[in-house]
Engineer: 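Can you read through this structure? Questions will come right after.
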2 protein chains.
Amino acid sequence: MGNLALEPLDRPDGMTTHEYAHRRLRQAIMVGSIRPGESLTIRGIAEAMESSPTPVREALRRLSSEGALRVLDNRRIMVPRMTADRFSELVSLRSVLEQHAARRAVPHITERRIDRLAEIDKAQDEAISRKDNATALLLNQEFHRTLYTANPEQVIMPMVESIWLQLGPFLGIAMEHVAQLYFVDRHQEAIEALRKRDEDAVAAAIKADISEGIGGFERAAIENLLRLAGQ
Amino acid sequence: MGNLALEPLDRPDGMTTHEYAHRRLRQAIMVGSIRPGESLTIRGIAEAMESSPTPVREALRRLSSEGALRVLDNRRIMVPRMTADRFSELVSLRSVLEQHAARRAVPHITERRIDRLAEIDKAQDEAISRKDNATALLLNQEFHRTLYTANPEQVIMPMVESIWLQLGPFLGIAMEHVAQLYFVDRHQEAIEALRKRDEDAVAAAIKADISEGIGGFERAAIENLLRLAGQ
DNA sequence: ATTTTCGAAATGTGATCACAAAAATGCTTA
DNA sequence: TAAGCATTTTTGTGATCACATTTCGAAAAT
């Protein structure tokens, strides 16, 4: 039904349609432009991106495996609704997972990569100071991703991305209803710990970054926010 | 191509073909009957289970999101090969993830469920004593799953299942080349800790269960095993 | 004997169609 | 006005087909 708010995305040559559909839907879910609870139709998406059901279905299956979508008993597909319990579960898992990812990255980190982290952090600070929440959020993700992908063996990253994707829609709602997002910056602390190759300190910085950042949402605040958004 | 070793699986009424294909392939990968490195073809699978490419493709996309399959640049699909590094990464992540899952389950555990855990553990002991490795492995999974699913909020379990799935093919190889699998039983310890609702003790039991169990594979042993299997 | 080349077969991909189930709509009835 | 019912539309699903790319195998050339 509703005309999806699917911003056209850059599509490199040779990218298959189902991969493109996956990327585009993923992006839309991540920034919260598909509202939780809203149900998606295969034909609707196919029409919106001028393709056909087959590749769209593949994209939807992948996204449901990634936790971004939920398949109901009626086979209807929707973005899962957030609850205070689910939020708490997601945040605590994110903390544990990312601390571990950070620890496993430390032995592989290079000075060059640490420099890149510093640059990303600087760009994020600038985005924050000009109140560009969306960009700041993206740069925050890039900071974390750049750290964890120092580890050449990538089994954790897809799981971290899955958590981000599941938290995304709620953050989208939060950004709509909260005047100014509160950004924490434990990144500098993490960078200093990385220079010393101090695993414990890096993990501690990541833990603080998450618990003081997204983990800072009080239970009552979450329920209030969801009520405001009509969820 | 190779005739897939796809054992027919029970198919409940109303189960869609793509879900059935997913289950069947998943099972085959989990027990290692599809060899790592062997490449799968969509048409081959479709023919083997007497269906058509469309639902098989959906199943394959899900499995690749779950880490069970890897899509190569040539778009060929295969079960990823194990390496000593990947194994270490998987096991350490499994430990962290399952300790956390166990902790989050404790507040929701009931005496009835603890009783069920005791029953599963007993059945596993029996399977071990009659050297039925395959059943023992399955019951071990069921023990862990029964514990973690006490938590009604299920965001961790799919990730744990993903880890198991990625470890599965290697365990299959191990079972072929090792005369007798060494099973640890820290389950009794976990059960006692659960009766006391002692989170730390439960987590410690799970950690020990994993590090002494699958984590007991020495690096050299893994490489040796892989060489034996022609990997 | 090894490498190269060229045609045939196999394969991934995406669009289309038919079918059955589910949802929506409009009408009738209490 | 509200509830029940039948019809129509929408939707998920799975099979089939056409097309482009890749892979494979045999023959030819070095």
Side-chain angles (χ1 to χ4, degrees), chain A residues 1-4 6 8-9 11-26 28-29 34-35 37-66 68-80, chain B residues 1-4 6 8-9 11-26 28-29 34-35 37-66 68-80:
Chain A
M1 267 308 87
N3 35 358
L4 296 223
L6 285 182
L9 218 62
R11 178 173 180 174
D13 275 25
M15 175 181 266
T16 58
T17 307
H18 64 83
E19 191 176 343
Y20 176 67
H22 177 260
R23 281 262 245 286
R24 207 160 140 184
L25 284 168
R26 184 192 150 84
I29 294 168
I34 302 180
R35 301 197 51 104
E38 188 176 334
S39 75
L40 297 173
T41 68
I42 294 171
R43 282 177 171 86
I45 297 166
E47 197 175 343
M49 46 179 74
E50 295 175 337
S51 68
S52 71
T54 316
V56 170
R57 279 163 63 183
E58 296 178 75
L60 292 178
R61 298 301 164 210
R62 281 180 60 185
L63 287 165
S64 72
S65 280
E66 291 163 20
L69 297 174
R70 185 172 303 274
V71 180
L72 276 57
D73 291 334
N74 19 339
R75 293 172 184 173
R76 207 42 75 95
I77 293 175
M78 61 171 232
V79 179
Chain B
M1 275 299 92
N3 36 358
L4 295 224
L6 284 182
L9 217 62
R11 179 172 180 175
D13 276 25
M15 174 182 264
T16 58
T17 306
H18 65 82
E19 192 177 341
Y20 176 66
H22 177 260
R23 282 262 244 286
R24 207 161 140 183
L25 284 168
R26 185 193 149 83
I29 294 169
I34 303 179
R35 300 197 48 106
E38 188 176 333
S39 76
L40 297 173
T41 68
I42 294 171
R43 282 177 170 87
I45 296 166
E47 197 175 343
M49 47 178 76
E50 296 175 336
S51 68
S52 70
T54 317
V56 170
R57 278 163 64 182
E58 296 178 75
L60 292 177
R61 297 301 164 212
R62 283 181 58 186
L63 287 165
S64 73
S65 281
E66 291 162 21
L69 296 174
R70 186 172 301 275
V71 180
L72 277 57
D73 291 333
N74 21 342
R75 292 173 185 172
R76 211 31 88 87
I77 294 174
M78 61 170 233
V79 179

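Order of the sequence lines sets the chain letters (A, B, ...), proteins ahead of strands, with each chain counted from 1.
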Engineer: Residues two or more places apart in sequence or in another chain: which of them pass salt bridge (Lys or Arg N to Asp or Glu O under 4.0 Å) with B:Arg70?
Structural biologist: none

Engineer: Between A:Arg76 and C:dA22, does any side-chain N or O lie under 4.0 Å from OP1 or OP2?
Structural biologist: no

Engineer: Can you check the A:His18 NE2 to C:dA15 P distance for me, whole Å?
Structural biologist: 11 Å

Engineer: Which of residues 53-63 of chain A sit near DNA chain D, with a heavy atom under 4.0 Å from it?
Structural biologist: A:Arg57, A:Arg61

Engineer: Return the set of residues passing side-chain contact (heavy atoms from CB on, under 4.5 Å) with A:Arg62 (not counting sequence neighbours), or none when no residue passes.
Structural biologist: A:Glu19, A:His22, A:Glu66, B:Arg61, B:Ser65

Engineer: Round to the nearest Å and state the distance from B:Tyr20 atom OH to D:dG14 atom P.
Structural biologist: 13 Å

Engineer: Who are the side-chain contact (heavy atoms from CB on, under 4.5 Å) partners of A:Arg11, not counting sequence neighbours?
Structural biologist: A:Met15, A:Thr17, A:Tyr20

Engineer: What is the nucleic acid contact for A:Arg43, judged by heavy atoms within less than 4.0 Å: base, sugar-phosphate only, or nothing?
Structural biologist: base

Engineer: Can you tell me if the side-chain N/O atoms of B:Asn74 get under 4.0 Å from OP1 or OP2 in D:dT23?
Structural biologist: yes

Engineer: Using the C1' atoms of the five pairs at each end, what is the angle between the end axes of the helix from C:dA1-D:dT30 to C:dA30-D:dT1, to 10°?
Structural biologist: 10°

Engineer: What integer distance in Å separates B:Glu50:CD from D:dA15:P?
Structural biologist: 11 Å

Engineer: For D:dG14, does either OP1 or OP2 sit under 4.0 Å from a side-chain N or O belonging to B:Thr17?
Structural biologist: yes

Engineer: Would you kindly give the CG-to-P distance between A:Leu72 and D:dG12, to the nearest whole Å?
Structural biologist: 12 Å

Engineer: Could you list the residues that satisfy side chain to side chain donor-acceptor pair (under 3.5 Å) with B:Ser52, not counting sequence neighbours?
Structural biologist: none

